[in-house]
2 protein chains.
Amino acid sequence: MPARVGEGATKRVPLSRERLLRSAIAIADERGNAALTMRSLAQELGVKPMSLYHHVANKEEILDGIIDVVFGEIELPPADAGWRSAMRHRAISARRVLASHPWATPLMESRTNPGPATLRHHDAVIGSLRAAGFSIQMTAHAYSLLDSYVYGFALQEAVLPFDRKTAPDVAGAIIAQFPSDEYPHLAELATEHVLQPGYDHGNEFEIGLELILDGLDRLLHPN
Amino acid sequence: MPARVGEGATKRVPLSRERLLRSAIAIADERGNAALTMRSLAQELGVKPMSLYHHVANKEEILDGIIDVVFGEIELPPADAGWRSAMRHRAISARRVLASHPWATPLMESRTNPGPATLRHHDAVIGSLRAAGFSIQMTAHAYSLLDSYVYGFALQEAVLPFDRKTAPDVAGAIIAQFPSDEYPHLAELATEHVLQPGYDHGNEFEIGLELILDGLDRLLHPN
DNA sequence: ACCTGAACACCGTTCAAGT
DNA sequence: ACCTGAACACCGTTCAAGT
């Protein structure tokens, strides 16, 4: 009876924290935040709910874990670029990642337990600003502003029915709800801008981003 | 047997949608989002859970309702001011309201059913910008940028343990977690800025806000 | 070491009944 | 018209047991 373990074994691939987190993200991506339960996760993994507790202490740890995985997907600011293009690159990557996991942004609320990928990410962004000559105080201003914008935009993208392919339908239904005489400005903006054929809410992101980067540049080089 | 109703009646004040929403907000404010359940709400109101369903269709309607109440607390942009001070006033009010209901911002995720106070709020902000000479397109840019910033800042405030009275303790504990050799820039920012005596994260809000207003002003009056 | 059956104290919600 | 008891199909988690 050879004691070898995991060598040519035909048994099921064993559970692991990584496999668990990957499945959890898959469920949240496909069926939303509410569908991610210990029971649904266990079923997805072909296991009983109680087995999960051998790899994580509780559901909180799973939520902390998948948020850290998401942060790990965001590209770090490239070191060989100027601060401005480095910040632009990183902000655009963050927005893309958060848009692909709409459940993640609102979940950041209760997560006060940042994981290693999250800390590494923050450290790299701060380091990039410091290397570019931002004072500690200016770095704090810049990071607070940039991250608020990125998270806030992501949060709105998760809510608004605008940028979907189905935009006209959904938005049209919403418009029907508020009579234009009661909310005239909202109706005007909707019909003459949001509902126009070429409209893509995602374009707003880079416009606001450049405005913020302009402002930071001016803060760094006052003239 | 007089048929008068509610005249000098000593019986319990009857349930109503308003009373229900007010209690729901009180629970969320005091004990957090997770503590707000149909059962806890019923208990707070001195009633059985099933009675709630006489005033709302389901829990979703309660969540939609309390979000709309929160929006109603945000001051509208004053009509007698210039766009810049009107936007500043409204943004500061929004941040204050969202900070006093930390459960609200992340909840806006799933709420795709804006109530009347929410619509009135949006309509007033858009109207204020339009009246100041912003084109429809510029109004869309400005509103997207301002709201992303306000919501994102509120979301971060709900997470970060910074601006609390207990900041030094909590932040100190977090610092202890990441050794300064692994996340040197994070450690530097924490020890030399965030953990300094006079630090107040809330101050960051108005700094970023002015930068954004500067940018919008420049967009409106290019020179 | 890893998995699990049964159970506990919770959820939101329905349905048929009470006044 | 308004409230409710009992029940259903869910939650996350514990505990004592299986291999």
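Below, each value reflects all heavy atoms present in this structure, side chains not excepted, and no hydrogens, waters or symmetry copies. Sequence lines set the chain letters: A, B, ... in the order given, protein chains first and strands last, and positions in each chain run from 1.
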Item to complete: Taking the side chain as every heavy atom from C-beta outward, state whether B/R19 and B/H55 have any atom pair closer than 4.5 Å.
Response: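 Heavy-atom side-chain distance check fails, nothing below 4.5 Å.
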Fill in: Student check: side-chain heavy atoms of B/E157 and B/R95 closer than 4.5 Å
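Yes, side chains in contact.
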Fill in: Counterpart base for C/dT4, defined by Watson-Crick or G-U wobble contacts under 3.5 Å
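Check on C/dT4: paired to D/dA16, both distances under 3.5 Å.
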Worksheet, complete the sentence: Mate of C/dC11 across any strand shown (Watson-Crick or G-U wobble, both atom pairs under 3.5 Å) is none
Discussion item. Can you tell me if B/S51 touches the phosphate of D/dT4, counting only side-chain N or O atoms and a distance under 4.0 Å to OP1 or OP2?
Written reply: yes
Worksheet item: Between the side chain of B/S148 and the main-chain N/O of B/L145, is any donor-acceptor distance below 3.5 Å?
Response: no
Take atom [atom1] of [X] and atom [atom2] of [N], then tell me their distance rounded to the nearest Å.
X     : N      : atom1 : atom2 : value
B/H55 : D/dT4  : NE2   : P     : 11 Å
A/L41 : D/dT13 : CG    : P     : 12 Å
B/H54 : C/dG18 : NE2   : P     : 15 Å
B/L45 : D/dT4  : CG    : C1'   : 15 Å
A/R19 : C/dC2  : CZ    : P     : 14 Å
A/K48 : D/dC15 : NZ    : C1'   : 18 Å

Item to complete: Return the orientation label for the A/F71 and A/Y151 ring planes: parallel under 30°, perpendicular over 60°, tilted otherwise.
Response: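 The rings of A/F71 and A/Y151 stand perpendicular, inter-plane angle above 60°.
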Fill in: Where protein sits on nucleotides 7-12 of chain C, one letter per nucleotide: B base, S sugar-phosphate only, - none, heavy atoms under 4.0 Å
B---BB
Item to complete: For the residue pair A/H141 and B/E204, confirm or rule out a side-chain donor-acceptor distance under 3.5 Å.
Response: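 Distance-only check passes for A/H141 and B/E204.
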Worksheet item: What do the steps show when you test B/D147 against B/R90 for salt bridge (Lys or Arg N to Asp or Glu O under 4.0 Å), and what is the final call?
Response: CA-CA 10 Å; B/D147 259 19; B/R90 174 256 167 190; 2.6 Å; yes
